[in-house]
Amino acid sequence: MPLVTLQPHPAQSVTAGLSLLDVSEDLGHPLESDCGGVAACNACRVRVISGAQNLSPRSAEEVPFLDDEQQRLGCQAIVLGHVVVRPEPGL
Ligand code: FES
């Protein structure tokens with residue numbers, strides 16, 4: 001099972017195939033979400049510290065919300081393996 005670290009919380013095992021947004025809710029440290037997970041609010045954005053290759057590829061819908069290559073929208077990034085992220089919501 002993948003280990004997900006949602007800084008500043010410790011790493012926890014999660015089920016592969018869920019979005020970072022869903023994982024964050026399961027772990028009790030929910031990312032912000034104002035749009036219900038449809039890539040429309042930018043509140044769930046995170047900075048990927050390590051393990052970017054263990055997330056699904058960027059979706060076309062999320063790219064306009066990202067400032068650089070290390071950011072992802074939590075609702076669009078599917079967890080496939082170990083990853084360390086830090087919440088970095090957009091305004
Ligand atoms: S929850 Fe709104 S963009 Fe991800």
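Ligands are counted one by one from 1 in listed order, and the atoms in each one are counted from 1 as well.
With a 4.0 Å cut-off on non-hydrogen atoms, N42 touches ligand 1 through its backbone and not its side chain. Contacts of A39 with ligand 1, taken as heavy-atom pairs under 4.0 Å, involve the backbone alone.
Note: angle at atom 4 (Fe) of ligand 1, from SG of C44 to SG of C75, is 100° (rounded to 10 degrees).
Residue G37 approaches ligand 1 through these ligand atoms, each under 4.0 Å from one of its heavy atoms: 1 (S). If you number the atoms of ligand 1 from 1 as listed, the ones under 4.0 Å from a heavy atom of A40 come out as 3 (S).
Atom 1 (S) of ligand 1 has as its closest protein heavy atom S33 OG, 3.2 Å.
In the hydrophobic clustering of this structure, F65 does not group with L20; members are Ile, Leu, Val, Met, Phe, Trp, Tyr whose side-chain heavy atoms approach within less than 4.5 Å, directly or through other members. In this structure, V14 is a member of the same hydrophobic cluster as V48, with clusters built from ILVMFWY side-chain heavy atoms closer than 4.5 Å.
Nearest approach of R72 to S56, heavy atoms of both residues: NH1-O, 2.7 Å. Nearest heavy atom pair, residue C44 against residue L31, reads O-CD1, 3.8 Å. Contact detail for A43 and P89: the closest heavy-atom pair is O-CB, 3.2 Å.
In summary, C35 places an N/O/S atom under 2.8 Å from atom 2 (Fe) of ligand 1, meeting the contact criterion. Contact annotation: C41 places an N, O or S atom under 2.8 Å from atom 2 (Fe) of ligand 1.
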* To do: Begin with the C-alpha distance, continue with both residues' side-chain angles, and end with the deciding distance and a verdict on side chain to side chain donor-acceptor pair (under 3.5 Å) for Q76 and E61.
  => CA-CA 8 Å; Q76 300 297 300; E61 292 78 12; over 6 Å; no
